[in-house]
Amino acid sequence: MSSPRPFRSLTFSLLPLVPLALLGACATQPASHPDMIAYVVIGEQGAAIARVVTAAASCPALTADGTPLAMAVRALPATLALRPTGSKPEDSKPSAFPLLTCEAALPAGAASASVDGQALPVPRAAPQRIAVLGDTGCRLKKKDNDFQECNDPQLFPFATVAAAAAAWKPDLVVHVGDYHYRENACPEGNAGCAGSPWGYGWDAWNADLFQPAAPLLKAAPWVAVRGNHESCDRAGQGWWRLLDPRPLLPGRDCNAAVNDTNGDYSDPYAVPLGGDAQLLVIDTAATTWKGYKPGAVGYEKYRDTYRKLEALSQQAAWNIGLTHHPILGVGAELKNGAYEWHKGDLGLQQSFGSVNPRLLPDKVQAMVSGHAHLWEQLSFSSGHPSQFVAGFSGSAEDTVPLPAALPPEALPAPGVAVEHFSTWIDGFGFMGLERTGPGDWDVTVFDRHGQIKNRCKISGKRSVCDVAQVK
């Protein structure tokens, strides 16, 4: 595997003081923008959005199939006032985004695109290879006294995983959420994370995502799924500035807690894959594993999400749902020598289940999620879609071994019957999806270096893997 091309990180010392008049519109003439990150996110109905984060005073030149296109300012540089967060006020700080974020929609069917001479990945009408990863950031969380060793690439291997996924040459990348984990300052004297940026501003986002993921951002467009770490009281401000494909609107930007009901919930959308198949992207950032009382805001919001999901699913014969929280997954903790089971997300089960007791639209053949820091596959004889969990790409791993067969008390949801179950615990990597026919996919589980650890096949709603427990 060849080494990825070095990627230049952005430095704040180079950021000029930008007169507001220069930021009202983006230039279309070529200019020099050496300190720039450029990438493509996929939005509703497969619309491709070119994004740029730059230390320059104006947006760079974008070209698609040889035609210049203007980029618009998505977000001006700003230091956002401290808002209530998931941390105590003394462990929080204002979110600084000292860089300009620009964007432009790429024309449908564009064969090539570049920004300021840097090639951009363009979407394929029928992507055959999809790289899936999730839960990638380096955990720094004072509340749990949990400080991952971000300075050790063996213990925080996201850069290695991203390079391996890029070398696999995917047509599309799916990230199932939780990009940002550096919430609190590294404790004094902790060499494993000493010097790490922290908080919810650009420096932490850059260290957690954009620097380590550089080769993968260049390799293919991304479908970005929102995780609970990107909720408004955590890294939601950066999520809306940097990753969400929809417009950044006042009141939906997570800047003021009074507007969190707007900022924390988004409608699902579809990404066509060709061949009568599509991805269904579902924002579950604000769900709760504890469940809802009927009438709670989240309960009603996700009931509405389900209805819109059902309507979207009718657009294609084959649907793969993407959520951060696995509605049909399972994990465990060991407490006093006994398993304490973490079943499928209760908030989603209650809200979705109140509309459809089977939890998901009939045309959904598989769900792909993260949240649990492991790799997992479940297939059901009860007519439920297969569930895959791919939250194993950088953040500190779950290490409790799961049994080869789930006992009755561990079933992820009422009414399910598990037919096939496969896991990989305490291993970092990514998952590959390759389409082999209508309703058929080959699944490959790769370790951090791109070595194969397991293979599975999806046919309709059912799936089966070669290895039940990867060692």
Side-chain angles (χ1 to χ4, degrees), residues 42 44-46 123-134 168-174 176 220-221 223 225 268-282 306 308-323 326-329 344 352 356-370 375-390 412-413 415-422 430-446 452 454-468:
I42 303 296
E44 298 177 14
Q45 295 305 314
R124 293 184 58 177
Q128 298 299 301
R129 303 186 110 193
I130 303 174
V132 181
L133 62 161
W168 188 61
K169 300 189 182 303
D171 302 319
L172 186 67
V173 174
V174 168
V176 290
V223 172
V225 182
Y269 61 92
V271 176
L273 297 176
D276 209 12
Q278 61 184 5
L279 301 174
L280 299 175
V281 185
I282 309 161
Y306 180 88
K308 291 171 178 172
L309 192 64
E310 176 72 53
L312 287 170
S313 73
Q314 301 305 311
Q315 297 177 171
W318 307 101
N319 292 271
I320 295 178
L322 305 176
T323 61
I327 194 169
L328 294 172
F352 284 17
N356 177 5
R358 297 184 62 76
L359 300 178
L360 292 159
D362 187 60
K363 287 190 175 182
V364 174
Q365 68 170 132
M367 296 295 296
V368 179
S369 308
W375 179 86
E376 180 179 73
Q377 169 267 350
L378 298 99
S379 182
F380 305 94
S381 58
S382 49
H384 293 82
S386 288
Q387 173 76 68
F388 289 83
V389 178
V416 303
V418 177
E419 186 176 39
H420 298 291
F421 178 51
S422 179
F430 70 99
M431 187 173 86
L433 289 170
E434 295 179 87
R435 196 159 187 210
T436 57
D440 296 330
W441 295 83
D442 284 347
V443 178
T444 309
V445 183
F446 298 95
I452 295 172
N454 204 353
R455 296 182 188 270
C456 315
K457 287 188 176 294
I458 303 173
S459 182
K461 292 189 175 186
R462 288 182 164 178
S463 58
V464 63
C465 300
D466 290 349
V467 180

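Every value quoted in this text rests on a predicted model; they were computed, and no experiment measured them.
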Mind running side chain to side chain contact (heavy atoms under 4.5 Å, CB included) on V281 and V225 for me, showing each step along the way?
-> CA-CA 7 Å; V281 185; V225 182; 4.2 Å; yes
State, with a plain yes or no, whether a side-chain heavy atom of L328 is found less than 4.5 Å away from one of P385.
-> yes
Evaluate the side-chain proximity of P170 to I130: yes if any heavy-atom separation is below 4.5 Å, no if none is.
-> no
With side chains defined as the heavy atoms from C-beta onward, is the minimum distance between L280 and P268 less than 4.5 Å?
-> no
To the nearest 0.5 Å, tell me how far D442 CG sits from Q128 CD.
-> 11.0 Å
By side chain to side chain donor-acceptor pair (under 3.5 Å), K363 pairs with (sequence neighbours left out) none
Could you give the distance from OG (S463) to CZ (F388), rounded to the nearest 0.5 Å?
-> 4.0 Å
Looking only at heavy atoms, what is the nearest atom pair of V467 and S422, with distance?
-> O-OG, 2.5 Å
Parallel under 30°, tilted from 30 to 60°, perpendicular over 60°: which one fits the rings of F430 and F446?
-> parallel
Return yes if some donor-acceptor pair links the side-chain N/O of Q278 with the main-chain N/O of A270 below 3.5 Å, else return no.
-> no
Which atom names give the shortest non-hydrogen contact between M431 and W375, and what distance separates them?
-> SD-NE1, 3.2 Å
Under the side chain to side chain donor-acceptor pair (under 3.5 Å) test, residues paired with S379 that sit two or more places apart | none
Partners of R455 by salt bridge (Lys or Arg N to Asp or Glu O under 4.0 Å), sequence neighbours excluded?
-> none
Is the closest side-chain heavy-atom distance between L433 and V443 below 4.5 Å?
-> yes
Within-4.5 Å side-chain heavy-atom neighbours: C456 and W441 = no
Would you call I42 and L279 a side-chain contact if the rule is heavy atoms closer than 4.5 Å?
-> no
Is it true that a side-chain atom of R435 and a backbone atom of G274 form a donor plus acceptor pair closer than 3.5 Å?
-> yes
Do side-chain atoms of R462 reach the backbone of E419 as a donor and acceptor pair under 3.5 angstrom?
-> no
The reported gap from CG in D466 to CD1 in I452 (rounded to nearest 0.5 angstrom) is 10.0 Å
Smallest separation among heavy atoms of N319 and S313, with atom names = ND2-O, 3.1 Å
Where is the tightest heavy-atom contact between L378 and F421, given as atom of each residue plus distance?
-> CG-CD1, 3.7 Å
Residue pair L322 / V271, side-chain heavy-atom distance below 4.5 Å = no
Using side chain to side chain donor-acceptor pair (under 3.5 Å) as the criterion, list what pairs up with R358, not counting sequence neighbours.
-> none
Return yes if some donor-acceptor pair links the side-chain N/O of S386 with the main-chain N/O of A366 below 3.5 Å, else return no.
-> no
Of all the heavy-atom pairs spanning I327 and Q387, show the shortest one and how long it is.
-> N-OE1, 3.6 Å
Determine, stepwise, if the pair W168 / T444 fulfils side chain to side chain contact (heavy atoms under 4.5 Å, CB included).
-> CA-CA 11 Å; W168 188 61; T444 309; 5.6 Å; no
What distance separates C465 SG from I458 CD1, expressed to the nearest 0.5 Å?
-> 8.5 Å
Once you round to the nearest 0.5 Å, how far does OG1 of T323 lie from CE of M367?
-> 4.0 Å
For residues Y269 and K308, determine if any side-chain heavy atom of one lies less than 4.5 Å from a side-chain heavy atom of the other.
-> no
Taking the side chain from K461 and the backbone from D362, do they hold a donor-acceptor pair closer than 3.5 Å?
-> yes
Residues in side chain to side chain donor-acceptor pair (under 3.5 Å) contact with S459, at least two apart in sequence or another chain | D440
Sorted by first residue and then second, give each salt bridge (charged side-chain N to carboxylate O under 4.0 Å, His left out) pair with at least one member in residues 125-134; sequence neighbours left out.
-> R129-E434
Side-chain (S382) to main-chain (A417) donor-acceptor, under 3.5 angstrom | yes
Starting from the C-alpha separation in whole Å, work towards a yes-or-no answer on side chain to side chain contact (heavy atoms under 4.5 Å, CB included) for V174 and V368.
-> CA-CA 10 Å; V174 168; V368 179; 5.5 Å; no
So, N454 side chain and V445 main chain: donor-acceptor pair closer than 3.5 Å or not?
-> no
